[in-house]
Engineer: 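Dropping a structure here in structure tokens format, bear with me for questions.
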Amino acid sequence: MIADTLVPDAVWAEAPEDPEEAFLHIALSAYERLKTLERDEAARGEHHFSAWRRQYIHELCTIADQFGIAGLPSVSQAESANEGNFDTLLARVITRIRAAKRLDLRADTVVLSMHTKADIRQHLEELRSKINSSNLSDDVRSALHKKVDAVEAELEHQRTSLRPLWVLSGALTAACAAVSGTADLPAAIKNFNEVLSIVHHEKATEELASRRLREGPLISNEPRLQITDQSGGSEVQE
């Protein structure tokens, strides 16, 4: 096992409070990091990819144990766990969490109009430019760019997750408050937050339409009007 980690502090900081949602977030982030190491020999450093693979298994087993997530090998069994079998077990755990959280996941997603997506992409490009020209540290700029990329990636999905937008908005505000001299960044943040308000409006509209669909049409309890047919004397109900 190696001392390096596949789960940096930034991933921990962005993990949701709910243990299952947090495990899902961390596991998927660790997997993406592992795939990057598989492709990039330089990023692996002095460690062989097989060592990173074992580290991946050990870390996820440890995190699952800490969060009380059942279905993976115990920490003591992680070192000797069969890699192929681990992938199968992890897939089952992730599928179970997604199935259990399906309503929560939908609650934080929305189908955006093409116009809104185009607006978001335009403001993301503006943000990238302002981040690059700011006097933020290289580490902060890199972290912000990753959050911008995460938002842009969400726009490719039919249902867009709102969480990356919230995370980016909060990170931008925090970065702007912590460092002076970023004259152009506040205006870009304001513009992005205006787009975020449009997203929230589309989410509210979607929820209203969904609620109306569930409730069905309103049924009036008023008595039906009776009209007398003067020609034949019969009564017609409307």
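All values derive from a computational prediction rather than experimental measurement.
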Engineer: Please check if Phe23 and Val167 belong to a single hydrophobic cluster, counting links between Ile, Leu, Val, Met, Phe, Trp and Tyr side chain heavy atoms closer than 4.5 Å.
Structural biologist: no

Engineer: Does any part of the side chain of Arg96, heavy atoms only, come nearer than 4.5 Å to the side chain of Ile69, both counted from C-beta?
Structural biologist: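 Yes; the side chains approach each other to less than 4.5 Å.
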
Engineer: Honestly curious: do Val195 and Trp166 fall in one hydrophobic cluster under the side-chain, below-4.5 Å linking rule?
Structural biologist: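 In one cluster: yes.
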
Engineer: Is there a donor-acceptor pair under 3.5 Å between the side chain of Thr5 and the backbone N or O of Pro8?
Structural biologist: no

Engineer: Quick one: pull up CG in Asp40 and NZ in Lys35 and give me the separation to the nearest 0.5 Å.
Structural biologist: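 Going from the CG atom of Asp40 to the NZ atom of Lys35 covers 13.5 Å.
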
Engineer: Going by heavy atoms in the side chains, are Val111 and Thr160 under 4.5 Å from each other?
Structural biologist: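 The answer is no; the side chains never approach within 4.5 Å.
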
Engineer: Any donor and acceptor pair, going by atom type alone, linking the side chain of Glu154 with main-chain N or O of Leu162 inside 3.5 Å?
Structural biologist: no

Engineer: Measure across Leu60 and Ala30 and return the closest heavy-atom pair with its distance rounded to 0.1 Å.
Structural biologist: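 Smallest interatomic distance, heavy atoms only, reads CD2-CB, 4.3 Å.
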
Engineer: Would you mind checking if Arg121 and Glu156 are paired as a salt bridge, meaning a charged N to carboxylate O distance below 4.0 Å?
Structural biologist: yes

Engineer: Can you measure from CG (Leu90) to CZ (Phe86) and round to the nearest 0.5 angstrom?
Structural biologist: 5.0 Å

Engineer: Flag the pair Asn132 / His145 as yes when at least one side-chain heavy-atom distance between them is below 4.5 Å, and no otherwise.
Structural biologist: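 The answer is yes, as the side chains (C-beta and beyond) meet within the 4.5 Å cut-off.
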
Engineer: Okay, side chain of Thr116, backbone of Leu112: is any donor-acceptor separation there less than 3.5 Å?
Structural biologist: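 No, Thr116 side chain to Leu112 backbone: no donor-acceptor pair under 3.5 Å.
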
Engineer: Quick one: sort the Trp12 and Phe67 rings into parallel, tilted or perpendicular, breaks at 30° and 60°.
Structural biologist: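 Trp12 vs Phe67 ring planes: perpendicular.
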
Engineer: Measuring from Thr36:OG1 to Arg33:CZ, what's the distance to the nearest 0.5 Å?
Structural biologist: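 That separation rounds to 6.5 Å.
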
Engineer: Restricting to non-hydrogen atoms, name the atom on His25 and the atom on Val11 that form the minimum distance, rounded to 0.1 Å.
Structural biologist: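 Looking at all heavy atoms of both residues, the shortest contact is NE2-O, 3.3 Å.
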
Engineer: Quick check on His201: does its NE2 atom have over 12 non-hydrogen neighbours (other residues, nucleotides or ligands) under 6.0 Å away?
Structural biologist: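 No, the 6.0 Å shell around NE2 holds no more than 12 heavy atoms from other groups.
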
Engineer: So does Lys130 get a backbone contact from the side chain of Ser133, meaning a donor-acceptor N/O pair under 3.5 Å?
Structural biologist: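 Judged by distance alone, yes, a pair lies under 3.5 Å.
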
Engineer: Shortest non-hydrogen contact from Ala175 to Leu136?
Structural biologist: O-CD2, 3.8 Å

Engineer: Do the side chain of Ser197 and the main chain of Glu194 share a donor and acceptor less than 3.5 angstrom apart?
Structural biologist: yes

Engineer: Just so I know, are the side chains of Val7 and Ile63 near enough to count as touching, which here means a heavy-atom distance under 4.5 Å?
Structural biologist: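 Of all side-chain heavy-atom pairs linking Ile63 with Val7, at least one is under 4.5 Å.
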
Engineer: Under a 4.5 Å cut-off applied to non-hydrogen side-chain atoms, are Arg141 and Lys146 in contact?
Structural biologist: no

Engineer: Evaluate Ile94 against Leu28 for side-chain contact (heavy atoms from CB on, under 4.5 Å), listing each step before the verdict.
Structural biologist: CA-CA 9 Å; Ile94 290 176; Leu28 295 178; 4.2 Å; yes

Engineer: Would you say the side chain of Pro164 lies within less than 4.5 Å of the side chain of Lys147, judging by non-hydrogen atoms?
Structural biologist: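 Side chain of Lys147 against side chain of Pro164, heavy atoms only: no contact under 4.5 Å found.
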
Engineer: Indicate if Ile57 and Tyr31 have the same hydrophobic cluster label, given that clusters are the connected sets of ILVMFWY residues with side-chain heavy-atom separations under 4.5 angstrom.
Structural biologist: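 Ile57 and Tyr31: one cluster.
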
Engineer: What's the shortest heavy-atom distance between Leu165 and Phe192, and which atoms?
Structural biologist: O-CE2, 4.0 Å

Engineer: Does the Lys117 side chain pair with the main chain of Leu155, one donor and one acceptor, at a distance under 3.5 Å?
Structural biologist: yes

Engineer: Between Pro16 and Arg163, what is the shortest heavy-atom contact and its length?
Structural biologist: CG-NH1, 3.8 Å

Engineer: Measuring only between side-chain heavy atoms, which start at C-beta, is Leu196 closer than 4.5 Å to His200?
Structural biologist: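 Yes - at least one pair of side-chain heavy atoms lies under 4.5 Å apart.
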
Engineer: Taking only distance into account, with no hydrogens and no angle test, what donor-acceptor pairs under 3.5 Å do side-chain atoms of residues 41-51 form with protein atoms, sequence neighbours excluded?
Structural biologist:
{"residue": "Arg44", "atom": "NH1", "partner": "Leu37", "partner atom": "O", "Å": "2.7"}
{"residue": "Arg44", "atom": "NH1", "partner": "Glu38", "partner atom": "O", "Å": "3.2"}
{"residue": "His47", "atom": "NE2", "partner": "Asp4", "partner atom": "OD2", "Å": "3.1"}
{"residue": "His48", "atom": "ND1", "partner": "Ser50", "partner atom": "N", "Å": "3.0"}
{"residue": "His48", "atom": "ND1", "partner": "Ser50", "partner atom": "OG", "Å": "3.0"}

Engineer: Do Val93 and Leu89 have side chains that approach each other closer than 4.5 Å (heavy atoms only, starting at C-beta)?
Structural biologist: no

Engineer: Rounded to the nearest 0.5 Å, how far does CG of Leu34 lie from CZ of Arg39?
Structural biologist: 10.0 Å

Engineer: Look at the side chain of Glu59 and the backbone N and O of Leu6, then say whether any donor-acceptor pair between them is shorter than 3.5 Å.
Structural biologist: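 Checked: pair present.
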
Engineer: Can you tell whether the side chains of Asp87 and Arg92 come within less than 4.0 Å, N to carboxylate O?
Structural biologist: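 Here Asp87 does not pair with Arg92 in a salt bridge, since their nearest N and O are not under 4.0 Å apart.
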
Engineer: To the nearest 0.5 Å, how far apart are CG in Leu168 and CG in Leu127?
Structural biologist: 6.0 Å

Engineer: Quick check: does any side chain N or O of Ser142 sit under 3.5 Å from a backbone N or O of Asp138, one acting as donor and the other as acceptor?
Structural biologist: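 It does not hold such a pair.
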
Engineer: Does either side chain, that of Ser74 or that of Asp65, offer a donor lying less than 3.5 Å from an acceptor on the other one?
Structural biologist: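 No, Asp65 and Ser74 have no side-chain donor paired with an acceptor closer than 3.5 Å.
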
Engineer: Thr109 and Glu206: which non-hydrogen atoms are nearest, and at how many Å?
Structural biologist: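 Where Thr109 meets Glu206 most closely, the heavy atoms are O-OE2, 3.8 Å.
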
Engineer: So that I can tick it off, tell me whether Arg98 and Glu21 are bridged by a salt bridge, with the cut-off set at under 4.0 angstrom between side-chain N and carboxylate O.
Structural biologist: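 So Glu21 does not pair with Arg98 through a salt bridge.
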
Engineer: What's the separation between atom CD1 in Ile198 and atom OG in Ser113, rounded to the nearest 0.5 Å?
Structural biologist: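 It is 8.5 Å, given to the nearest 0.5 Å.
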
Engineer: Between Ser134 and Ile131, is there a donor-acceptor pair closer than 3.5 Å when you use the side chain of the first and the backbone of the second?
Structural biologist: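 A pair under 3.5 Å: yes.
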
